[in-house]
**Student:** 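Mind looking over this structure? Questions follow.
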Amino acid sequence: MKISLFKIGIILSVIGIIWTSIIFVDGDKITEEFILESQHSHKIQLDFEGSGIGYYKIFMPEFLKYKVFVQVLNNNENIISEKNVETKMSVSYFDFKQSGKYTVNVVNTFENPIYMQVELGDTSVKEMIYSGIMILVGGIIIVISSFMKLRNYRIEHPDENII
């Protein structure tokens with residue numbers, strides 16, 4: 001069986017994607033499910049190491065045009081980011097510069113209680129550098145091999161109809 005440059009690119013890309021997924025799934029994270037009463041708030045905290053990129057995911061399964069307000073606070077209770085969430089699911093990212101406890105504070109601004117799931121975690125972006133390079137190299141190999149195949153591709157034109 002002949003292994004082409006195109007197949008090598010596909011294999012490298014798939015391995016890189018799987019590697020990246022495993023790193024992301026194994027990262028530090030915490031998930032909580034709760035019912036948030038009207039005009040109340042709920043906090044979820046996680047210890048982050050060093051610096052990097054963190055994320056939070058808000059999911060409201062029974063979404064009826066709810067509106068919640070979300071803040072990310074650092075160790076000193078300083079606001080890193082804040083956002084109004086008006087969709088069934090929202091994922092947002094934030095930079096953290098130092099180790100410590102980071103808090104996501106969710107406030108229900110709707111008049112009814114809301115059942116929601118909140119996840120707070122570290123993207124482990126520094127560990128994904130090598131897998132990202134593998135995906136990039138695989139993608140470049142796919143593009144180059146595709147270009148080489150298309151460059152040699154010839155289209156036959158049918159003879160003109162002679163009347």
Side-chain angles (χ1 to χ4, degrees), residues 5-110 113-146:
L5 200 57
F6 184 78
K7 289 178 184 175
I8 292 171
I10 293 287
I11 290 169
L12 281 176
S13 295
V14 168
I15 291 171
I17 290 168
I18 291 170
W19 187 6
T20 301
S21 299
I22 290 170
I23 291 170
F24 188 75
V25 168
D26 287 343
D28 292 336
K29 63 182 162 193
I30 184 170
T31 304
E32 288 188 17
E33 298 180 20
F34 52 90
I35 296 175
L36 189 59
E37 297 296 327
S38 177
Q39 305 303 318
H40 284 83
S41 66
H42 184 82
K43 293 183 179 183
I44 181 171
Q45 292 184 330
L46 183 66
D47 282 325
F48 288 92
E49 300 282 328
S51 63
I53 299 173
Y55 74 95
Y56 64 88
K57 179 173 77 171
I58 309 280
F59 178 64
M60 296 175 274
E62 301 165 2
F63 182 71
L64 296 171
K65 299 195 179 190
Y66 300 135
K67 183 177 180 183
V68 295
F69 181 69
V70 182
Q71 289 181 319
V72 179
L73 309 168
N74 66 6
N75 229 8
N76 302 323
E77 296 293 318
N78 295 327
I79 297 172
I80 295 176
S81 74
E82 51 188 13
K83 177 181 178 183
N84 283 317
V85 176
E86 299 176 12
T87 58
K88 184 174 186 170
M89 187 174 95
S90 175
V91 179
S92 292
Y93 299 90
F94 59 92
D95 293 327
F96 58 92
K97 305 289 184 208
Q98 57 189 351
S99 298
K101 273 195 188 295
Y102 285 78
T103 306
V104 171
N105 186 26
V106 183
V107 180
N108 181 1
T109 59
F110 196 63
I114 303 172
Y115 172 73
M116 63 176 45
Q117 300 167 357
V118 178
E119 182 176 310
L120 173 62
D122 185 0
T123 60
S124 306
V125 73
K126 290 179 182 174
E127 298 172 20
M128 294 183 195
I129 292 173
Y130 298 114
S131 62
I133 291 170
M134 185 179 282
I135 295 169
L136 178 66
V137 169
I140 290 171
I141 290 173
I142 291 169
V143 169
I144 290 171
S145 66
S146 298

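Sequence positions, counted from 1, serve as the residue numbers for this chain. In this text the structure is predicted, and so the values were computed from the model without any measurement.
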**Student:** Dump the intermediate steps for side-chain contact (heavy atoms from CB on, under 4.5 Å) on F96 and D122, then the final yes or no.
**Tutor:** CA-CA 10 Å; F96 58 92; D122 185 0; 3.8 Å; yes
**Student:** Angle between ring planes, Y93 versus Y55, binned at 30° and 60°: parallel, tilted or perpendicular?
**Tutor:** tilted
**Student:** Measure the CD-CD1 distance between Q117 and I58 for me, rounded to the nearest 0.5 Å.
**Tutor:** 10.5 Å
**Student:** Which distance, rounded to the nearest 0.5 Å, do you find between the CG of D47 and the CG of D28?
**Tutor:** 9.0 Å
**Student:** Show your working on side-chain contact (heavy atoms from CB on, under 4.5 Å) between M128 and F24 and close with a plain yes or no.
**Tutor:** CA-CA 8 Å; M128 294 183 195; F24 188 75; 3.8 Å; yes
**Student:** Under a 3.5 Å cutoff, is there a donor and acceptor pairing between the side chains of K126 and S51?
**Tutor:** yes
**Student:** How are the rings of F94 and F48 set to each other: parallel, tilted or perpendicular (split at 30° and 60°)?
**Tutor:** perpendicular
**Student:** For residues G27 and S124, report the shortest heavy-atom separation together with the two atoms involved.
**Tutor:** CA-OG, 3.8 Å
**Student:** Under the side-chain hydrogen bond (donor to acceptor under 3.5 Å, both in side chains) rule, collect the residues that match up with S81, sequence neighbours excluded.
**Tutor:** none
**Student:** If every non-hydrogen atom of F69 is compared with every non-hydrogen atom of E82, which pair is closest and at what distance?
**Tutor:** CZ-OE1, 3.4 Å
**Student:** Output side-chain donor-acceptor pairs under 3.5 Å for residues 34-41, partner residues at least two apart or in another chain, one line each.
**Tutor:**
from : atom 1 : to   : atom 2 : distance (Å)
S38  : OG     : F110 : O      : 2.9
H40  : ND1    : S38  : O      : 2.8

**Student:** List in chain and number order the residues that pass side-chain contact (heavy atoms from CB on, under 4.5 Å) with V25, two or more places apart in sequence or in another chain; answer none if no residue qualifies.
**Tutor:** none
**Student:** Applying side-chain hydrogen bond (donor to acceptor under 3.5 Å, both in side chains), can you list everything that pairs with E32, at least two apart in sequence or on another chain?
**Tutor:** H42
**Student:** What's the separation between atom OH in Y102 and atom CG in N75, rounded to the nearest 0.5 Å?
**Tutor:** 7.0 Å
**Student:** Check each of V70, V68, V85 against S90 using the side chain to side chain contact (heavy atoms under 4.5 Å, CB included) test, and report the only one that passes.
**Tutor:** V85
**Student:** Search all heavy atoms of M60 against all heavy atoms of I114 and return the closest pair with its distance.
**Tutor:** SD-CG2, 3.8 Å
**Student:** Of the non-hydrogen atoms in Y115 and E33, which two are nearest, and what is the gap between them?
**Tutor:** OH-OE1, 2.5 Å
**Student:** For the CD1 atom of I44 and the CD1 atom of I30, what is their distance to the nearest 0.5 Å?
**Tutor:** 5.0 Å
**Student:** Could you grab the distance from atom OG of S13 to atom CD1 of I18, nearest 0.5 Å is fine?
**Tutor:** 11.0 Å
**Student:** Apply side-chain contact (heavy atoms from CB on, under 4.5 Å) to D95 and list each qualifying residue two or more places apart in sequence or on a separate chain.
**Tutor:** I53, K97
**Student:** For a side-chain hydrogen bond (donor to acceptor under 3.5 Å, both in side chains) with T103, tell me which candidate from Q45, E77, K43, Q71 qualifies.
**Tutor:** Q45
**Student:** Quick check: closest heavy atoms across L5 and S145, and the distance to 0.1 Å?
**Tutor:** CB-CB, 4.0 Å
**Student:** State, to 0.1 Å, how close M134 and L12 come at their nearest heavy-atom pair, and which atoms those are.
**Tutor:** CG-O, 3.4 Å
**Student:** Got a sec, which residues hit side-chain contact (heavy atoms from CB on, under 4.5 Å) with I135, two or more places apart in sequence or on another chain?
**Tutor:** I17, T20
**Student:** Report the distance from atom CG of L64 to atom NZ of K88, rounding to the nearest 0.5 Å.
**Tutor:** 9.5 Å
**Student:** Would you indicate whether K57, at its atom NZ, is surrounded by more than 12 heavy atoms from other residues, nucleotides or ligands within a distance under 6.0 Å?
**Tutor:** no
